[in-house]
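Structure first, commentary second.
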Amino acid sequence: MRTASTTSTTPTASAARRYQTPPGARDTLGTGQVTSAGSFSAPQNAFVGLTNLGATCYVNTFLQMWFLNLELRQALYLCPSACGDGVPKDTDYEPQTICEHLQYLFALLQNSKRRYIDPSAFVKALGLDTGQQQDAQEFSKLFMSLLEDTLSKQKNPDVRNIVQKQFCGEYAYVTVCNQCGRESKLVSKFYELELNIQGHKQLTDCITEFLKEEKLEGDNRYFCETCQSKQNATRKIRLLSLPCTLNLQLMRFVFDRQTGHKKKLNTYIGFSELLDMEPFMEQKNGVYVYELSAVLIHRGVSAYSGHYIAHVKDPQTGEWYKFNDEDIEKMEGKKLQLGIEEDLAEPSKSQTRKPKCGKGTHCSRNAYMLVYRLQAREKSLTVQVPAFLQELVERDNCKFEEWCNEMAEMRKQSVARGKIKHEEVKELYQRLPAEAGSPYDFISLEWLQKWLDESTPPKPIDNTACLCSHGKLHPDKISLMKRISEYVADFFYRRYGGGPRLNVKALCKDCVVERCRILRLKNQLNEDYKTVTNLLKMTVKGTDGFWVGKASLRSWRQLALEQLNEQDEDAEHSNGKMNGNAQNKDESNEEKREEEEELNFNEDIVCPHGDLCISENERRVVSKEAWEKLKQYFPKAPEFPNNKECCSQCKILEREGEENEALHKMMASEQKTSLQNLFHDKCRPCLGSWPQETDELYIVSQFFVEEWRKFVRRPTRCSPVSSIANSVLLCPHGGLMFTFASMTKEDSKHIALIWPSEWERIQKLFVVDHVIKITRSQTAEGARYASEPQLCPECREGLLCQQQRDLREYTQATIYIHKVVDNKKVMKDAAPELNVSSSEAEEEREENKPEGEQDPDFNQANGGTKRQKLSHQSYITYQKQGIRRSTRHRKVRGEKALLVSASQTLKELKIQIMHAFSVAPFDQNLSLDGKMLSDDTATLGSLGVIPESVILLKADEPIADYAAMDDVMHVCMPEEGFKGTGLLGH
């Protein structure tokens, strides 16, 4: 739908003003000059266009075609109106019905002086969305039905029956039994004939196919009332009567089963200006010669985009016109090619070449509706606008003429200002350049450009953007200034004001010197780099050298260049006014702070205490000459002579660290020896098969076990575990969060069972906040199990609810789709996946990492660590963050992984599946755990689809060639059509 050329208008309080709003004057040249109002006036005795409101060109084409149906226009003018006695001059006309809207719109199209009018009141009355393209053929049917229903209440038969007289015909569905010859007939009315164009080249062939005989055989046999059984039969359509205006709908927009969407048939169809329908009629004794009166055209290769225009014949003159929204063009000579319009998209090389057409015939690949009128012998009607409507039109014409006069006066004033400006420029332009040796001023080149180009007076001169931090002209801003004579500068400042004024002494000497220093260092950098490189090869003797970080030496030239560039930028942006606004200044300061946080030259050997670091592997000694060269570029770099001692505090910490490492190794070895069963999973007891040798077991969190194992395996890299926080397994009331049954199944991964003998050693080695114990007792009914502390039922139920809620409120999760054929999984690759989850190999690498490198430091490392808050929410947090176990579904070959959210609908999931498996949504049968998923509007969360779910897909008809689908148009959502508009209200 073409939208770029749409003329926007300002909405007003009344429908009349929406029709009548004069288009705003446009400054097309950017010079302050207004285009002529004559461009908005219609030529004498010319047709008036309609504004495209965004995507309403399909409405405009039908309005123009119906307007040129004189019988329909005259009948609408005869409709009585609530304002038949006239509208007071001080009030605006508000049409109340669809008929009144059409009346007023047709009156404006007939006698308005505008070049085009605004139909927004009519479109709003229908409730149409101006930004959405709709099916033009459906709009025609629905509007004719609405109009017929509205006019049926009129008393005047010429008005009440106009739709039937103009557009309504009759045909009969005739079925003949092959056995007994009985003929049954079902008579039906039609307002247009829908003709299939697939496989045809001529309009007459399409009509022939529409009327051809159809055989009813096999499962489609006909039940004959005479034979009282199903019999083979034939069925066809017979045309009984034709209307004055014959609408032929060419079915260009068809449903593509493979893609699940509409597509356009861009094939050529030939049609003649005269159409004899007598061969197609049941009764041959009438007058059935029709002449072409309109061709409605859809430009564009897609069914979901494009532009609608109309070729319509003036019934009074017989001349053809092209109606293209606001633009109307007479078609004559070579332009008289009905149904031919260039496509909006570039034609492909494979497109069919246009067939040759003889005189009086035409062919089109874009025509979707042909309108024929019964050939008339009498003269065409002369339709007069009713008096009250003519008064409204003349009132609108007066307003339009006033607006045109205002535009003309504005143009006149603009021309006068332009002449004055021209004289001013002409006078000063010769004296603008400053002569050698004469006083001169610098002025903003941007301001001077506006003064030369614009007819309106420019704003006061503003030179602040070119000032340095010293308040003078920055040397780098000279290119943004123009040197002009003092005489012209005096004139500018006297007439336009502004400042500050920058004369011959305005150039900043300090900034020039600084710029020269930076440029000199930049030019000298390469030579100094070679010198320093050679000096670094020399061996330093004695204590004359200096310590320099090896990382700083490797990148000193790059650091020096960046530092010089920063100084250069600081000089350019030293004036806050140059930064444009405070936000840019804040961003610049933030960038500086980030840069300051990075290490500067030689700071890589500075310890946290500000002294020389103790690691000699990170530094080396350079000669005094090399250090002096480096100091030229880094005068603020920390200096450490060769005889400088390392940081004493770091030495102490290093010794303590070595002692701690030795202590950790010894501690890990002792704990591993003491707790052999805890270290090896196979030596630990299991609730599912309770050991016979004991009646009590102790519980700790699996998180503690994993963190303790990390420390034992890597004591020098991981911190020791000093406490056991069992509070994460308890609720706020101190009750246990797990049942005995859940600890043997789904919750077994959160706990670790401890032998009584081992529990005694654990209590000596670690600080335990809560003791959790499971005991077994024998009763007559069998073994009975109890926990200390006991289960808290309320918190347990709350935990389960929270877990279920989390499963149904995810924003991004992976699910898996299995395609099955005959209840067997398909083991072959389909189309490329969209939105698949991360690779399994990457997760496997993460899982196989040494445990000490996989998880963050354990928060129970020190005895002084704060105990976690007692709540079942803390358990959930622990469950999500503390335990790092992959429960990832292992994807098998031929299975697709999709990223989804709980809030997306089943329809949206089907579109994702369509991309992944080449199966259209209506061919998909989805099931989850044996339950069919059929409600397309339901969300995945409500359907029970949780992360890692596996959905089975069974396709009715697998489609192999999905790659041929268009890129964009075939993934759109289902069409709403005219749902919610006034066209369906009746």
Side-chain angles (χ1 to χ4, degrees), residues 257 260 688 738-739 741-750 796-838 840 843 879 885-960 962 973-974:
R257 182 172 175 80
F738 308 111
T739 64
S742 72
M743 286 190 287
T744 63
K745 296 177 182 178
E746 67 270 14
D747 290 326
S748 61
K749 58 189 176 182
H750 304 316
R796 172 67 181 173
E797 186 178 352
L799 172 63
L800 294 176
C801 292
Q802 179 66 38
Q803 289 174 337
Q804 291 299 318
R805 195 157 46 244
D806 290 343
L807 287 175
R808 282 167 171 74
E809 293 181 358
Y810 53 91
T811 56
Q812 183 172 319
T814 303
I815 65 170
Y816 300 89
I817 310 297
H818 268 310
K819 187 177 180 184
V820 297
V821 177
D822 296 331
N823 297 323
K824 295 181 180 179
K825 293 176 183 177
V826 175
M827 295 300 178
K828 67 176 183 177
D829 292 333
E833 302 168 24
L834 297 182
N835 298 332
V836 295
S837 60
S838 58
E840 292 178 22
E843 280 207 13
Q879 187 181 10
R885 279 181 180 267
S886 175
T887 57
R888 177 183 169 90
H889 170 83
R890 295 293 174 182
K891 194 173 68 173
V892 299
R893 189 181 173 205
E895 186 176 80
K896 303 296 175 183
L898 302 180
L899 282 182
V900 298
S901 67
S903 59
Q904 78 179 66
T905 63
L906 184 63
K907 178 65 178 179
E908 292 167 339
L909 174 63
K910 286 184 175 181
I911 291 174
Q912 284 182 265
I913 295 174
M914 178 174 67
H915 283 283
F917 286 94
S918 308
V919 179
F922 49 80
D923 283 331
Q924 297 175 19
N925 297 296
L926 304 179
S927 63
L928 175 66
D929 299 330
K931 177 185 175 183
M932 295 300 297
L933 306 179
S934 57
D935 187 356
D936 286 347
T937 60
T939 62
L940 299 187
S942 65
L943 292 173
V945 179
I946 61 176
E948 305 294 321
S949 290
V950 180
I951 295 178
L952 296 184
L953 162 67
K954 191 173 186 304
D956 288 340
E957 293 184 9
I959 299 167
Y962 181 72
M973 296 302 292

Requested in this report: Take Tyr816 and Lys896 through the test side chain to side chain contact (heavy atoms under 4.5 Å, CB included) and record every step on the way to the result.
Outcome: CA-CA 6 Å; Tyr816 300 89; Lys896 303 296 175 183; over 6 Å; no
Report summary line: In short, Leu909 meets Ile951 closest at the heavy-atom pair CD2-CD1, 4.0 Å
Query raised in the report: Looking at CD of Gln924 and CD1 of Ile913, how far apart are the two atoms once the value is rounded to the nearest 0.5 Å?
Result: 5.0 Å
Report task. Starting at OG of Ser934, measure out to CG of Leu906 and round the result to the nearest 0.5 Å. Result -> 8.0 Å
Report task. Write down the atom of Val945, the atom of Tyr810, and the distance for their closest heavy-atom approach. Result -> O-OH, 2.6 Å
Query raised in the report: Atom CD of Gln904 and atom CG of Leu940: how far apart are they, to the nearest 0.5 Å?
Result: 5.0 Å
Query raised in the report: About how many Å separate OG of Ser949 and CG of Leu898, when rounded to the nearest 0.5 Å?
Result: 12.0 Å
Query raised in the report: Is a donor on one side and an acceptor on the other found under 3.5 Å between the side chain of Gln912 and the backbone of Leu899?
Result: yes
Query - Heavy-atom closest pair, residues Pro921 and Met914 - result: CD-SD, 3.4 Å
Query - Residue pair Ser927, Met932: steps toward the side chain to side chain contact (heavy atoms under 4.5 Å, CB included) verdict - result: CA-CA 4 Å; Ser927 63; Met932 295 300 297; 3.8 Å; yes
Report task. Determine yes or no for a side-chain-to-main-chain donor-acceptor pair under 3.5 angstrom, with Glu895 supplying the side chain and His818 the backbone. Result -> no
Query raised in the report: Looking only at heavy atoms, which two atoms of Asp936 and Thr905 are closest? And how far apart?
Result: O-CB, 3.5 Å
Report task. Kindly determine whether Val900 and Glu908 satisfy side chain to side chain contact (heavy atoms under 4.5 Å, CB included), including the steps that lead there. Result -> CA-CA 9 Å; Val900 298; Glu908 292 167 339; over 6 Å; no
Query raised in the report: Under 3.5 Å, is there a donor-acceptor pair between the side chain of Asn925 and the main chain of Lys954?
Result: yes
Report summary line: Tightest non-hydrogen contact, residues Val950 and Leu928, listed as O-CD1, 3.5 Å
Query raised in the report: Any sub-3.5 Å donor-acceptor pair from Thr739's side-chain atoms to Ser742's backbone N or O?
Result: yes
Report task. Could you tell me which non-hydrogen atom of Thr939 sits nearest to which non-hydrogen atom of Ser903, and how far apart they are? Result -> CG2-O, 3.5 Å
Report summary line: When rounded to the nearest 0.5 Å, the distance separating NZ of Lys910 from CD1 of Ile817 is 11.5 Å
